Undergrad: 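First, the structure itself, so that you have it in front of you.
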2 protein chains.
Amino acid sequence: MARVCLAGDCDSDGEGAADGLAQRVIRLRKGEPLYLLGDPLAALFAVRVGTVKTHVATEDGRTQVVGFHFPGEVVGLDSIGRRQYASYATALEDTKVCMIPMDVLRPLAACTPALASRVFRALDGYAQRTRALQTLLALMTAEERLVTFLLWISEGLAARGFSSSEFILRMSREEIGSYIGLTLETVSRQFSRLAECGLIRVKHRSVALVDKAGLRAIADRSAISPIPPGTNRRRGGEQRVPAQAVRTSAAAWATRTQPATAAMQADNPKINPFAWEAGNGQQ
Amino acid sequence: MARVCLAGDCDSDGEGAADGLAQRVIRLRKGEPLYLLGDPLAALFAVRVGTVKTHVATEDGRTQVVGFHFPGEVVGLDSIGRRQYASYATALEDTKVCMIPMDVLRPLAACTPALASRVFRALDGYAQRTRALQTLLALMTAEERLVTFLLWISEGLAARGFSSSEFILRMSREEIGSYIGLTLETVSRQFSRLAECGLIRVKHRSVALVDKAGLRAIADRSAISPIPPGTNRRRGGEQRVPAQAVRTSAAAWATRTQPATAAMQADNPKINPFAWEAGNGQQ
DNA sequence: CGCTTCTTTGACTTTGTTCAATACATGTGG
DNA sequence: CCACATGTATTGAACAAAGTCAAAGAAGCG
């Protein structure tokens, strides 16, 4: 909560300039746009309080929420490297964001390695989150999608120090559905169904996760697993002999200069779209 | 095709060191893994010839292709910023890649701004592609997905100087389906259906795009459009008054230091997962 | 040349969508 | 402060789209 505005702990390089990043605080009321798709990319925005959604629309009027952004997170990363915003950003409730002008960020990042790496990690985090969504959308059932979504929200809240088992959703059923690739009716039905099973309690937008273990069991069915070798069970799939050699040689590069580093590697951490930037970034 | 191995046109900084990035060429036969999920992140790989898929698997055995990688593209970007590979990488056909060891890339990028920015753009490109997939998976029908996929392939080939209207797919129906969130049967049926309509010709893995305009019309239905203000048609949705002020002030930042730049902005380019890195990156 | 894998196609089932009606909150104005 | 209006949520029934199961035909590979 304190680590807001990208420059939060940038004092490591004692610049002071980095703190100047947050040029200005902007207040948005519920439903107000922060920027529109196609607007010149003038700034990134760090959410201070409130919630922002980023979204796009298709030619024929379908709509797609591409991201929800909670306090501590940066809005606009999906447009970095472009000249114009690639999505709309709209406040879901009364919200305060601080503006990080690109004209300040760019030159400053160019001469401040710590800041550059911070931006880099933020972008990497964005990519990770989007990929988690990719798998959610490609191979989860409606139930798994909603459960996974709820757990993401829950973990995001926990990372920010709030109750992770009882919370109020800031977005409508339609927005949830749009985000996880379902219709609002299906979302609503899944909510009811989970409540029937005693896994959660729902009353409109307030949700209580009653049986977290049960929920996690559902989500874990579709969780990415490091165990099986992958798709190809073809006969040729076992031609791993030379591959072994390749991997060994690749690994050799890692070991050559920093053998200790290789040893103290942790497990693959789970990706959570809503807990990424709030925590100190698990890398 | 010539611009391979990340350092392709890095001679701008005359380092020479950048060209040393491609430490080693690795040959893979069809079906061979390049790396496994969980392996220590030792290197990125640039595809020289052939095709690589990156993929993951869930606890209960479902499989998901998260990316196809063609000549000129980098494999492993989804794992940058982590200590271990976040997916499997497997050759779809006999393939040559060159290895870019992280131990070389990291320090070199740290002191070579041109290279750092190159890596940054590659990561940005990866994020863009993943987001294009996100919308594909969330709101396209089976037909739109396959058509969009085919057009991506086609444009990717065109960007690399090959025929964009006739080509041979390197991946199976199952792999296509896994990538675009469908079963292999549905993919096959959609192929047949498109052929029936005279939009394409298919014979197993060789595809000819007969009526590109027709195909594009299908894909455009679900193409992202900058026109409508977005989701919220709520009464409060028109509270754009202060937002206008916000946007104006945000835009002012852009104009302040580089007014000319703002003026020569191009349209939002289309995102194409398979033409991104081959072309010189549309930004 | 024979085996395996991949692709196509058919019949049927499941899942989620669509259309529609009702109920629930919230916030606004009388 | 209450009543009404509006957007939001729930639920039902019919429908459509894609998934599953199954079998047969075509390519590729050893």
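In what follows, chains are A, B, ... by sequence order, proteins preceding strands, each numbered from 1. Every value quoted in this text rests on a predicted model; they were computed, and no experiment measured them.
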Undergrad: Rounded to the nearest 0.5 Å, what's the gap from NE2 on A/His55 to CG on A/Leu37? Could you check?
TA: 9.5 Å
Undergrad: Can you list, in residue-number order, the parts of residues 185-200 of chain A that come under 4.0 Å of DNA chain D, counting heavy atoms only?
TA: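 Going residue by residue through residues 185-200 of chain A, the ones with a heavy atom under 4.0 Å of DNA chain D turn out to be A/Glu185, A/Ser188, A/Arg189, A/Ser192.
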Undergrad: Tell me: CD of A/Glu174 to P of D/dT10, nearest whole Å?
TA: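 For the pair A/Glu174 CD and D/dT10 P, the rounded distance is 14 Å.
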Undergrad: Show me the side-chain donor-acceptor pairs of residues 140-147 of chain B shorter than 3.5 Å, one per line, residues at least two apart or across chains.
TA:
{"residue": "B/Thr141", "atom": "OG1", "partner": "B/Glu144", "partner atom": "N", "Å": "3.3"}
{"residue": "B/Thr141", "atom": "OG1", "partner": "B/Glu144", "partner atom": "OE1", "Å": "3.4"}
{"residue": "B/Glu143", "atom": "OE1", "partner": "B/Arg221", "partner atom": "NH2", "Å": "3.3"}
{"residue": "B/Glu143", "atom": "OE2", "partner": "B/Arg193", "partner atom": "NH1", "Å": "2.7"}
{"residue": "B/Glu144", "atom": "OE1", "partner": "A/Arg62", "partner atom": "NH1", "Å": "3.0"}
{"residue": "B/Glu144", "atom": "OE1", "partner": "B/Thr141", "partner atom": "N", "Å": "2.9"}
{"residue": "B/Glu144", "atom": "OE2", "partner": "A/Arg62", "partner atom": "NH2", "Å": "3.0"}
{"residue": "B/Glu144", "atom": "OE2", "partner": "B/Arg221", "partner atom": "NE", "Å": "3.1"}
{"residue": "B/Glu144", "atom": "OE2", "partner": "B/Arg221", "partner atom": "NH2", "Å": "3.2"}
{"residue": "B/Arg145", "atom": "NE", "partner": "B/Met140", "partner atom": "O", "Å": "2.9"}
{"residue": "B/Arg145", "atom": "NH1", "partner": "B/Ile180", "partner atom": "O", "Å": "2.9"}
{"residue": "B/Arg145", "atom": "NH1", "partner": "B/Gly181", "partner atom": "O", "Å": "3.3"}
{"residue": "B/Arg145", "atom": "NH2", "partner": "B/Leu137", "partner atom": "O", "Å": "3.1"}
{"residue": "B/Arg145", "atom": "NH2", "partner": "B/Met140", "partner atom": "O", "Å": "3.2"}

Undergrad: Considering only D/dT20, D/dA9, C/dT7, which nucleotide approaches the side chain of B/Arg173 most closely?
TA: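 Of D/dT20, D/dA9, C/dT7, C/dT7 is nearest to the side chain of B/Arg173.
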Undergrad: How would you label the contact of A/Leu184 with the nucleic acid (heavy atoms, under 4.0 Å): base, sugar-phosphate, or nothing?
TA: nothing
Undergrad: A/Thr183 side chain N/O closer than 4.0 Å to the phosphate oxygens (OP1, OP2) of C/dT17?
TA: yes
Undergrad: By nearest atom, which of the nucleotides D/dA9, D/dT10, D/dT20 is closest to the A/Arg205 side chain?
TA: D/dA9
Undergrad: For B/Gly177, report the nucleic acid contact type (base, sugar-phosphate, nothing); a contact means any heavy atom under 4.0 Å.
TA: nothing
Undergrad: Do B/Arg173's NZ or CZ and the ring of B/Phe191 fall within the cation-pi criteria of under 6.0 Å and 45°?
TA: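 Yes, B/Arg173 lies over the aromatic ring of B/Phe191.
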Undergrad: So does B/Ala57 get a backbone contact from the side chain of B/Gln64, meaning a donor-acceptor N/O pair under 3.5 Å?
TA: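 Judged by distance alone, no pair lies under 3.5 Å.
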Undergrad: Taking only residues two or more places apart in sequence or in another chain, which ones pass side-chain hydrogen bond (donor to acceptor under 3.5 Å, both in side chains) with B/Thr54?
TA: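 Once residues adjacent in sequence are excluded, the partners of B/Thr54 under the side-chain hydrogen bond (donor to acceptor under 3.5 Å, both in side chains) criterion are B/His69.
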Undergrad: Whole angstroms only, please: what is the CD-C1' distance between A/Glu175 and D/dG7?
TA: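 Going from CD in A/Glu175 over to C1' in D/dG7 covers 12 Å.
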Undergrad: With respect to the phosphate group of D/dA27, does any side-chain polar atom (N or O) of B/Lys203 fall under 4.0 Å of OP1 or OP2?
TA: yes
Undergrad: Just to verify, what does B/Arg201 make a side-chain hydrogen bond (donor to acceptor under 3.5 Å, both in side chains) with, not counting sequence neighbours?
TA: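 Applying side-chain hydrogen bond (donor to acceptor under 3.5 Å, both in side chains) to B/Arg201 gives none.
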Undergrad: Over its full length, what angle do the end axes of the helix from C/dC1-D/dG30 to C/dG30-D/dC1 make, each axis taken from five pairs and the result rounded to 10 degrees?
TA: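 The helix from C/dC1-D/dG30 to C/dG30-D/dC1 shows an end-to-end axis angle of 40°.
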Undergrad: Return the set of residues passing side-chain hydrogen bond (donor to acceptor under 3.5 Å, both in side chains) with A/Thr186 (not counting sequence neighbours), or none when no residue passes.
TA: A/Thr183
Undergrad: Assign the ring pair B/Tyr179 / B/Trp152 to parallel, tilted or perpendicular, where the plane angle (0 to 90°) is split at 30° and 60°.
TA: perpendicular
